[in-house]
Amino acid sequence: SIRQSNSCAVIFCLRSGKLGEQCEAVVLFPKLFQKYPFPILINSAFLKLADIFRLGNNFLRLCVLKVTQQSEKHLEKILNVDEFVKRVFSVIHSNDPVARAITLRMLGSLATIIPERKNAHHSVHQSLDSHDNVEVEAAIFASACFSAQSKDFAAGICNKISEMIQGLDTPVDLKLKLIPMLQHMHHNASLASSSRELLQQLVTSYPSTPMVIVTLHTFTQLAASSLIDIPKQLQLLLQYLKEDPRKAVKRLAIQDLKLLAKKAPHLWNRENTQTLCECALSSPYNSLKLGMLSVLSTLSGTIAIKQYFNPGTGGASAPPRLTDLVKLVQECCYHSNLAVAAHGVTVLANIAISCPEKDMMQLEQDTVMGLESLLVLCSQDDSPRAQATLKTALTSLVQLLKSRPHLSQSAVEFLLCQLHLARDPSRVLMCHALAAIATQLPVLGEGMLGDLVDLYRVASHSSTDKQQELLVSLATVVFVASQSSLSAEVKTVIKQQLENVANGWTVYCIARQASRMGCHEFSSELYQSLRTRVASEHFYFWLNSLKEFSQAEQCLNGLEDGDYSAAMTAIAEALRSYQKGIASLTAASTPLSPLSYQCDFVKLRIDTLQGLSQLICTCNSLKTSPPPAIATTIALTSGNELQRCGRIAMQMRVSMDEFRSLAARYADLYQSSFDADSATLRNVELQQQSCLLVSHVIEALILDPHSASFQDYGTLGSVQTESEYERRMMSVFNHVLEEVEGLSRKHPPVSYLHTGCLCDAVIALLKVPLSFQRYFFQKLQSTSIKLALSPSPRTPTEPIPVQNNQQLTLKVEGVVQHGSTPGLFRKIQSVCLNVSSTLQSKTGGPEYKIPLDSNTNEIEQRVEPHNDYFSTQFLLNFSILGSHMVNVEASVVDESGIEWKTGPKTTVSVKSLEDPYAQQLRHNQQQQQQAQQARPETAPAPQRSSVYARFQ
């Protein structure tokens, strides 16, 4: 196999007599581990590396050390840990101090898998007393590694470290390296307390700048790990920030305060925040003021800001505008340093969001004025710092408008005015902000459309990257503002600009956004123009499928209420285009990009449209085939009220079951889309809810109007919507439910009113343009699981033999593989493994009465991956002789406890054989039975007659 050939090539280079080839082979191991991250290879590879470490020179040892440190997450997969450590540890007895130093660093790097190895602990202890500086530094590194992993080692080394730090014969530079070790002394309260006392002595006994900096930072790390000393550490850091005149110490205090603000913002009381504000107000240095504002910016988005304005006990709190915090940020909003101003408006916006309504009026005005002044300043500057500040200010503005919608109109007018004056990079960011505001408040979209179209006419005069990005951003805002109904003028303006300066990728991005916003007619035209501009046939088929899908959705765009025949025709046209599109989509898929989500989503859409079309046909059948005149008599005789409706009742039941099945399939698609963004998942959920709604309406109107309940659907109107598509779908849901509830109470089933209500509900759902969300086009997060089973057959078709009186131990190992942005939307908490077996064919053998539980195997286990690796074992019983198929399926559980059916599914064949000893016994018994049956037949006849003669 490829794995064997690659590993053989590396091992061949390791055996070379040339040092260069050996070093090259050693440094290739991390890539080999990344491609084949299973223990069977990693164990043998690390044993080879241990031999190189034991027998090679110091340079080779250094290479092995670097490989070990780079492959830290694979160390737990070493199976023969004792043998591996034995080979490495033998070098610790070398006369070369450099070799011993490299060995110590190697042992420290292995601390995660040998935390309690006593001989390693002893060697580290001894090496701390060495007279060679290189060996001592290596021993300090190993001590820090072992202290972080082992409670016993930390307790044993703490006194030794304290003596060395306090010893007069220890050089200062060595003390600076020893002090950070104390941050790992957090395994119990007494150890942390003694370490804190030592650090307190050091910070007062050694007032030099390097010593204070190292000691304070170690102090902070220890407090952050032990948690109980964070309030004391906050007071200490604020004391140094306020009283120590050295800028380096102040910078370190600010850095550590920010760390604690992220770690435990709930432990910041009003006095801590007030002291920080006073220090910032009195500081003459912009760099220090920037750091303190950065800490306040971190705190302003947490509960600490509420604790500052609403102290739990004590006197009444002062009005927000009179506090030092508000004075500070108001002053900083207009600061000449852009970074200071950015933090100022961020804090001020968070205060405006968090403060009670009665104190809001003036604070809102101050916040808006500060944001507008900063936006004007940054929009004229192309520098990266100005763009970062602009992005921060726009983010704060969008958050403020989300909580204070009454400020949106003036803010939108200001942004539109600035769009005409700003530089291109600034325009892109401002377009993103406008799109976010228009999504939150769609009522503002129509007002901004005119300015946006005017700007689009003059937006681009060149083909630079920023100009292309600006075209996409402006088009996105136009689509959001148009609410999926583009006028001819808008289309003409966009097309003209695209023909003049846009490249193919820009046109594709705009078409993609049009599909996302429901502008299908326009996106279809863009996809049509792009099909012949790609170099790969897979891309051609992909664009052709997108064009067909857009055309299909465009067929549904002109539906009218009450025109059911036109709806049937439109659905038929849409299905025709969808069938062409799914054929192109299948042709566009490749082994590396199977497009499974896209195919499943489109197939479900096709089946949904077919179901809706069939439902309209069923409703029309009430006219073509009404209930017979004796339907009421049949219903009374049979006791089934549905007989009163005639054959339409059975058709409706079939339709209801079909839509429930579609909803279940949408739920399966949702569960299989672990890597999808939240908007895509919400879109799938809306499709599922629409199918459930149709099935519920059928039941409530026709099948079971008396027991149908509307309470479960009463909260749909109060759900917070995040997009225009979701908003329109929720509006349709509420309208349909209101109509159905009113009709079901007034009229008994079934009449033309009921079928008309059903058809109107179908048309209302179809009139909302379908939104193709991001995951349909782009996969930002990629997560996959690779499984390995043992024992495994030598060939894929060969079964694994097992005796029927024994249990098979099936070991399942797995590796979680990530893309470039792991955990972007959700992270894996645990992996759920389900193992089941089915009997394929039964072979001859004795018939035993076997308990039902032992006939089948159905086992599920959850295992938490560590460093993206997991392993577990299953005991399987195959008491029935024959061929069995074992299925292993993996699914993942995220941090919220939701299970996702990600796969993969693996199968292995097992053949259950009879125990040889039992088989031999059975053969012997059969032979004895045959012998007993044959013996009376061969006995002599005269004897038999003489025996019976006495009884005659």
Side-chain angles (χ1 to χ4, degrees), residues 161-162 165-166 172-173 175-186 192-300 302 304 307-308 324-325 328-329 332 339-340 343 347:
I161 297 300
S162 301
I165 292 174
Q166 293 174 317
V172 175
D173 59 337
K175 290 183 179 181
L176 292 175
K177 295 174 182 176
L178 286 167
I179 290 173
M181 285 181 55
L182 296 175
Q183 67 182 306
H184 303 298
M185 307 299 169
H186 54 76
S193 177
S194 60
S195 301
R196 188 170 179 84
E197 290 176 4
L198 174 59
L199 289 170
Q200 189 69 53
Q201 294 174 8
L202 291 174
V203 82
T204 54
S205 304
Y206 297 90
S208 65
T209 300
M211 206 71 173
V212 170
I213 288 175
V214 172
T215 306
L216 276 180
H217 187 60
T218 306
F219 233 146
T220 304
Q221 295 285 352
L222 180 62
S225 299
S226 59
L227 297 178
I228 57 174
D229 294 320
I230 288 181
K232 294 180 183 177
Q233 185 62 20
L234 284 173
Q235 295 175 1
L236 180 64
L237 291 172
L238 289 169
Q239 177 186 346
Y240 271 90
L241 179 63
K242 188 174 183 179
E243 299 175 1
D244 200 298
R246 293 169 289 188
K247 289 182 68 175
V249 176
K250 288 180 181 289
R251 277 196 293 267
L252 185 278
I254 292 170
Q255 173 188 334
D256 286 352
L257 284 170
K258 187 164 185 179
L259 187 150
L260 295 178
K262 293 178 180 178
K263 178 80 174 178
H266 58 285
L267 296 178
W268 284 67
N269 55 33
R270 178 184 171 85
E271 289 72 22
N272 299 144
T273 311
Q274 179 65 24
T275 303
L276 188 59
C277 293
E278 292 172 357
C279 293
L281 283 169
S282 61
S283 176
Y285 303 107
N286 286 344
S287 61
L288 296 180
K289 183 171 288 189
L290 174 61
M292 287 181 270
L293 277 169
S294 176
V295 179
L296 290 172
S297 178
T298 303
L299 290 172
S300 66
T302 65
Q307 293 177 352
Y308 179 78
D324 288 338
L325 177 59
L328 170 65
V329 294
C332 292
V340 173
H343 285 303
V347 176

Nearest heavy-atom pair of [X] and [Y]: which atoms, and what distance?
{"X": "Tyr206", "Y": "Met211", "result": "CB-CG, 3.3 Å"}
{"X": "Val212", "Y": "Tyr240", "result": "CG1-CE2, 4.0 Å"}
{"X": "Leu222", "Y": "His186", "result": "CD1-CB, 4.0 Å"}
{"X": "Pro265", "Y": "Ala304", "result": "O-CB, 3.6 Å"}
{"X": "Pro207", "Y": "Arg246", "result": "O-NH1, 2.6 Å"}

With no hydrogens and no angle check, is any side-chain donor or acceptor of [X] less than 3.5 Å from a backbone partner on [Y]?
{"X": "Thr204", "Y": "Gln201", "result": "yes"}
{"X": "Thr302", "Y": "Leu299", "result": "yes"}
{"X": "Ser294", "Y": "Leu290", "result": "no"}
{"X": "Ser300", "Y": "Ser297", "result": "yes"}
{"X": "Lys175", "Y": "Ile165", "result": "yes"}

Name every donor-acceptor pair, under 3.5 Å, that has one atom in a side chain of residues 178-185 and the other anywhere in the protein, sequence neighbours excluded.
unit_1, atom_1, unit_2, atom_2, d
Gln183, NE2, Pro180, O, 3.0

Practice task
Apply side chain to side chain contact (heavy atoms under 4.5 Å, CB included) to Asp256 and Leu260, showing your working.
Solution key: CA-CA 6 Å; Asp256 286 352; Leu260 295 178; 5.6 Å; no

Ignoring hydrogens and geometry beyond distance, is a side-chain donor-acceptor pair present between [X] and [Y] at under 3.5 Å?
{"X": "Lys250", "Y": "Tyr285", "result": "no"}
{"X": "Thr275", "Y": "Lys242", "result": "no"}
{"X": "Asp324", "Y": "Gln274", "result": "yes"}

Problem - side-chain contact (heavy atoms from CB on, under 4.5 Å) partner of Val249, chosen from Leu216, Leu241, Leu237 - result: Leu216

Fill in the blank from the handout: Only one of Glu278, Met292, Lys247 passes side-chain contact (heavy atoms from CB on, under 4.5 Å) with Ser283, and that residue is Met292

Practice task
Take Leu257 and Trp268 through the side chain to side chain contact (heavy atoms under 4.5 Å, CB included) test and state the conclusion after the steps.
Solution key: CA-CA 10 Å; Leu257 284 170; Trp268 284 67; 3.7 Å; yes

Measuring from [X]:[atom1] to [Y]:[atom2], what's the distance to the nearest 0.5 Å?
{"X": "Lys263", "Y": "Gln233", "atom1": "NZ", "atom2": "CD", "result": "13.5 Å"}
{"X": "Gln235", "Y": "Glu271", "atom1": "CD", "atom2": "CD", "result": "9.0 Å"}
{"X": "His343", "Y": "Leu296", "atom1": "NE2", "atom2": "CG", "result": "10.0 Å"}
{"X": "Thr220", "Y": "Asp229", "atom1": "OG1", "atom2": "CG", "result": "11.0 Å"}
{"X": "Leu238", "Y": "Thr273", "atom1": "CG", "atom2": "OG1", "result": "8.5 Å"}
{"X": "Leu199", "Y": "Thr215", "atom1": "CG", "atom2": "OG1", "result": "6.5 Å"}

Handout entry: Pairwise salt bridge (Lys or Arg N to Asp or Glu O under 4.0 Å) hits with a residue in residues 192-202, at least two apart
Key = none

Practice task
Decide yes or no for Leu328 and Leu293: does some side-chain heavy atom of the first lie under 4.5 Å from some side-chain heavy atom of the second?
Solution key: yes

